[in-house]
Amino acid sequence: MTTYERLVNVFTKVMEDDAELSKLSPEADLFKDLQLNSIGLLYMAIAIEEEFGISFKNEDINSLRTVNDVINYLESK
Amino acid sequence: MVKNKFRRIFNIKKIPMDLGRLCISVLPLYYRVRKHYVSEEARSSLKLDDGAILVANHTGFADPFKVGCCIWHRRMHFIAAEEVMKKGLIHLLLKGMGCIKIRRNIFDIECIKKSVDLLKDGYLLAMFPQGSISRDGSLDSIKSGAVLISAQAKVPIIPIYFKKRKSIFHRTEVAIGEKFYYSDYCDKKMPGMKDIEIITNALFEKTLECKNLIDKSEE
């Protein structure tokens, strides 16, 4: 399973909204396309931490804008 | 469990917090809190041994002390905005008393994690999820951070409502609602964003129920 596929699983569990999930792609903007609000992003980050066994810091999470940013971050860890 | 409880009660790191609690131990005499309970079940809400989140409306800077008056026998942590904790002496005082700083202009995941850890260790956490102060006591909406933290730490939420007293000669009326767990509304191991929204609405309704109880008692 690629990082992107694992990430899609996490997004599917957390978001549950088909309309927003249909916009999920590596280029998708977390806020504009996936409609994440601040709590949504924090929740997503917690779910990603559980799935990938990593720990986000404030500066990490505040630099994420697109799904690609998340993939790059995860692959750099 | 017993070891955890012992460590929780006798903890050197919590000495500043206990000294702070000692200093403010006269506050119940000043606020003269009168508790109302929405139901018989709510009476047992504050009889807690483990971690829980107390969610209250925000009428002023003294609200943390008022929550403290309701459940004075337990150490309690608070979440406070970074702006409040910026200044030197106040920062030290609030930090010593167990305040957790939240930065509202960024996505503060470290604050969420710290809160979850404290709750898992069995401490109480008081939150004012309206996000800003509403001096007239009105309740428009509640942000979902409290529910997110509760779902992560798997601890109950207790809704509380304070009525701002008219003068220092009046008593502080407090209504306490029934505690509930996120699992009462969602049977999934990990609730989705929609579940978080539904539980936040339920929390808002429960806090509103507390407000109505106080309003009714004053009629």
Side-chain angles (χ1 to χ4, degrees), chain A residues 1 5-24 28-74 76-77, chain B residues 53 55 79 81-82 85 100-120 127-132 141-155 157 182 185-204:
Chain A
M1 237 184 180
E5 285 165 342
R6 287 172 74 189
L7 208 51
V8 169
N9 282 344
V10 174
F11 274 79
T12 311
K13 265 188 219 163
V14 173
M15 287 170 68
E16 298 174 316
D17 192 323
D18 292 337
E20 283 154 13
L21 279 171
S22 64
K23 294 175 193 161
L24 187 58
D29 188 293
L30 298 171
F31 307 100
K32 286 178 192 157
D33 301 322
L34 303 179
Q35 302 284 314
L36 285 181
N37 56 15
S38 56
I39 291 294
L41 183 74
L42 290 172
Y43 194 27
M44 194 65 76
I46 291 167
I48 292 171
E49 283 186 348
E50 280 175 16
E51 168 67 25
F52 291 85
I54 56 151
S55 181
F56 280 110
K57 286 189 175 158
N58 277 348
E59 52 270 28
D60 303 330
I61 198 168
N62 283 280
S63 64
L64 304 176
R65 287 288 170 270
T66 65
V67 175
N68 257 337
D69 292 341
V70 183
I71 295 171
N72 291 338
Y73 175 80
L74 291 171
S76 71
K77 288 280 151 183
Chain B
I53 303 180
V55 166
I79 291 187
E82 188 186 30
M85 291 182 72
I100 305 166
K101 179 170 69 177
I102 187 161
R103 295 179 204 165
R104 292 195 288 189
N105 52 345
I106 64 163
F107 306 113
D108 197 344
I109 195 165
E110 285 166 18
C111 169
I112 303 268
K113 285 186 200 170
K114 204 170 179 184
S115 307
V116 171
D117 288 345
L118 284 167
L119 288 163
K120 280 184 177 169
M127 286 181 75
F128 306 96
Q130 277 181 290
S132 56
S141 66
I142 278 181
K143 295 186 195 304
S144 41
V147 175
L148 176 67
I149 294 172
S150 144
Q152 285 302 307
K154 297 188 172 39
V155 294
I157 299 180
Y182 89 91
Y185 292 87
C186 164
D187 53 6
K188 288 179 231 162
K189 191 183 162 203
M190 186 180 170
M193 279 312 293
K194 272 187 189 169
D195 301 311
I196 298 271
E197 210 172 294
I198 290 167
I199 304 166
T200 306
N201 287 339
L203 171 62
F204 180 70

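Scope of the values below: all heavy atoms of this structure, side chains included, with no hydrogens, waters or symmetry mates. Numbered from 1 within each chain, the chains take letters A, B, ... in sequence-line order.
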Student: Could you walk me through whether B:M193 and A:N37 pass side chain to side chain contact (heavy atoms under 4.5 Å, CB included), step by step?
Tutor: CA-CA 10 Å; B:M193 279 312 293; A:N37 56 15; 4.2 Å; yes
Student: Taking side chain as everything from C-beta outward and backbone as N, CA, C, O, which of these in A:L41 sits under 4.5 Å from a heavy atom of chain B? Side chain, backbone, both or neither.
Tutor: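 Only the side chain of A:L41 comes within 4.5 Å of chain B.
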Student: Using 0.5 Å steps for rounding, measure from the CD atom of B:E110 to the OG atom of A:S55.
Tutor: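 These two atoms lie 8.0 Å from each other.
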Student: Quick one: do A:N58 and B:F107 satisfy side chain to side chain contact (heavy atoms under 4.5 Å, CB included)? Show the steps, please.
Tutor: CA-CA 7 Å; A:N58 277 348; B:F107 306 113; over 6 Å; no
Student: Less than 4.5 Å to any heavy atom of chain B: does that hold for the side chain of A:T12, its backbone, both, or neither?
Tutor: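 No part of it gets close to chain B.
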Student: So, do A:K57 and B:I109 sit near enough that their side-chain heavy atoms are less than 4.5 Å apart?
Tutor: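 They are not in contact (no side-chain heavy atoms under 4.5 Å apart), so the answer is no.
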Student: Would the distance check show the side chain of B:K113 and the main-chain N or O of A:F56 forming a donor-acceptor pair, the cut-off being under 3.5 Å?
Tutor: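 It does hold such a pair.
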Student: Tell me, do B:M190 and A:V14 make a side-chain contact under 4.5 Å, heavy atoms counted?
Tutor: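 In short, these two side chains touch, coming nearer than 4.5 Å.
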Student: Evaluate whether atom CD of B:E197 has more than 12 neighbouring non-hydrogen atoms of other residues, nucleotides or ligands under 6.0 angstrom away.
Tutor: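 Check fails, neighbour count at 12 or below.
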Student: Is the number of heavy atoms from other residues, nucleotides or ligands within 6.0 Å of NZ (B:K154) greater than 12?
Tutor: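 Yes.
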Student: What part of B:L148 lies closer than 4.5 angstrom to a heavy atom of chain A: side chain, backbone, both or neither?
Tutor: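 Just the side chain, heavy atoms under 4.5 Å.
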Student: Report yes if the side chains of A:I46 and B:Q152 come closer than 4.5 Å at any heavy-atom pair, otherwise no.
Tutor: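 A:I46 vs B:Q152: side chains touch.
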Student: Nearest 0.5 Å, please: how far is CD1 in B:I112 from CD1 in A:I39?
Tutor: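 One finds 5.5 Å between CD1 of A:I39 and CD1 of B:I112.
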Student: Using only atom types and a distance under 3.5 Å, with no angle test, would you say the side chain of A:Y43 pairs donor to acceptor with the backbone of B:P191?
Tutor: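 Between the backbone of B:P191 and the side chain of A:Y43 there is a qualifying donor-acceptor contact (under 3.5 Å).
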